[in-house]
Colleague: 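Sending over a structure as structure tokens; questions will come in a sec.
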Amino acid sequence: MSLKLNPLHPLFAAEASGVDITKPLSPQMVDAIDDAMNRYAVLVFRGQPLSQDEQMAFTLSFGPLDLGFKKASNQHARLKYKELADISNVAEDGEIAERSHRRIVNNMANQLWHSDSSFQNPPARYSMLHSVVNPSSGGETEFADLRAAYDGLDAGLLAEIEGLEAEHFALHSRFMLGDTDYTQQQIDAIPRVRWPLIRTHPGSGRKLLFVGVHASHIEGLPVAEGRVLLSDLLEHATQPAYVYRHRWQVGDLVIWDNRCTVHRGRRYDLSQRRELRRSTTLDVDRADVHALASEASVVY
Ligand code: OGA
Ligand code: MN
């Protein structure tokens with residue numbers, strides 16, 4: 001089988017077909033998907049309903065798995081593996097969550113433009129989101145290509161921001177949303193990290209503008225100035241021309257590269273069920289996986 005790619009947007013994102021992702025992948029297929037990711041940054045696989053085990057196996061072909069935000073919160077375990085993020089509005093008991101439930105705050109935070117786990121080192125490389133139940137309308141996911149955002153920066157602004165670094169903090173988006181009830185231990189669980197605003201995407205060699213809602217301020221600038229600059233840059237990066245909007249069908253798996261894209265969920269009726277599952281790889285070399293094995297519930 002060979003991987004077929006059908007572009008979904010003038011700049012990035014493609015539908016991928018010609019492979020059964022519920023089955024183990026050959027090393028050649030893993031390389032073909034990696035190559036396609038480096039070019040397109042977002043790949044959509046349609047009509048591939050995955051069990052939790054199959055999703056884990058597929059994701060593990062691309063590297064060790066990220067726990068992300070779970071390190072800072074006691075999220076319920078509706079799913080079988082702690083490496084699967086429950087991207088839903090469903091509570092522990094299987095019913096749609098009350099509006100006051102922290103799960104709904106998580107839904108809201110996911111509706112702000114971000115790159116998964118940019119608040120930690122190592123951050124996330126690939127996120128893989130699988131659709132299980134959809135609301136009747138809304139609830140799409142949008143993606144923006146940060147390489148296109150870099151290409152579109154005007155020279156004056158580029159000169160101003162070159163060399164600047166932003167601090168990223170796991171709970172920044174939660175604090176912004178008024179969700180502040182965290183213990184010191186939870187606050188300290190994920191140390192803050194700094195990333196340059198301008199980075200190079202290793203997969204394509206292209207430069208990109210690294211912004212998103214986890215960026216809390218800019219090093220060396222007063223907080224207010226830095227935040228306004230970050231918000232302007234994010235607005236630039238997510239202008240409609242740089243955005244692909246994905247309308248979910250049950251059985252879709254969408255993979256995105258967090259090193260060069262940001263994404264956000266769109267509003268939907270919270271009284272309707274929406275269930276997706278996310279698995280995420282860490283941005284590390286495959287050779288470094290052993291250092292991470294102690295935290296994991298799977299064997300690398
Ligand atoms: C995620 C996420 C957005 C959505 O799973 O990382 O941000 O549309 N999801 O649910
Ligand atoms: Mn996300």
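Source: prediction; values computed, not measured. Counting convention: from 1, in listed order, for ligands and their atoms alike.
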Colleague: Go ahead and list the nitrogen or oxygen contacts between ligand 1 and the protein that come in under 3.5 Å, distances to 0.1 Å, or just say none.
Modeller:
unit_1: ligand 1; atom_1: 5 (O); unit_2: Arg278; atom_2: NE; d: 3.1
unit_1: ligand 1; atom_1: 6 (O); unit_2: Asp116; atom_2: OD1; d: 3.1
unit_1: ligand 1; atom_1: 6 (O); unit_2: Asp116; atom_2: OD2; d: 3.2
unit_1: ligand 1; atom_1: 6 (O); unit_2: His263; atom_2: NE2; d: 3.3
unit_1: ligand 1; atom_1: 6 (O); unit_2: Arg278; atom_2: NE; d: 2.7
unit_1: ligand 1; atom_1: 6 (O); unit_2: Arg278; atom_2: NH2; d: 3.4
unit_1: ligand 1; atom_1: 7 (O); unit_2: Asn110; atom_2: OD1; d: 3.3
unit_1: ligand 1; atom_1: 7 (O); unit_2: His114; atom_2: NE2; d: 3.1
unit_1: ligand 1; atom_1: 7 (O); unit_2: His263; atom_2: NE2; d: 3.0
unit_1: ligand 1; atom_1: 8 (O); unit_2: Thr141; atom_2: OG1; d: 2.6
unit_1: ligand 1; atom_1: 8 (O); unit_2: Arg274; atom_2: NH2; d: 2.8
unit_1: ligand 1; atom_1: 10 (O); unit_2: Arg274; atom_2: NH1; d: 2.8
unit_1: ligand 1; atom_1: 10 (O); unit_2: Arg274; atom_2: NH2; d: 3.3

Colleague: Considering only Ile, Leu, Val, Met, Phe, Trp and Tyr, and joining two whenever side-chain heavy atoms are under 4.5 Å apart, list the other residues clustered with Trp195.
Modeller: Trp113, Leu146, Tyr150, Leu153, Leu157, Leu158, Ile161, Leu164, Val193, Leu197, Ile198, Leu208, Leu209, Phe210, Val211, Ile218, Leu221, Leu229, Leu230, Leu233, Leu234, Val243, Val262

Colleague: Checking salt bridge (charged side-chain N to carboxylate O under 4.0 Å, His left out) between Asp86 and each of Arg103, Arg277, Arg102, which is the one that passes?
Modeller: Arg103

Colleague: Check all N, O or S atoms of Asp116 and name the one closest to the Mn ion (ligand 2).
Modeller: OD1

Colleague: May I ask you to say whether Asp116 pairs ionically with Arg278, meaning some side-chain N is under 4.0 Å from a carboxylate O?
Modeller: yes

Colleague: Start with the C-alpha gap between Val90 and Glu275, add the side-chain angles, then the distance that decides, and say whether side chain to side chain contact (heavy atoms under 4.5 Å, CB included) holds.
Modeller: CA-CA 7 Å; Val90 178; Glu275 289 186 50; 3.8 Å; yes

Colleague: Got a salt bridge between Asp151 and Arg206, using NZ or NE/NH1/NH2 to carboxylate O under 4.0 Å?
Modeller: yes

Colleague: Please determine if Arg194 and Glu219 form a salt bridge, counting it only when a charged side-chain N lies under 4.0 Å from a carboxylate O.
Modeller: yes

Colleague: Any salt bridge between Arg266 and Glu140, counting N to O under 4.0 Å?
Modeller: no

Colleague: Quick one: angle His263 NE2 - the Mn ion (ligand 2) - His114 NE2, to the nearest 10°?
Modeller: 90°

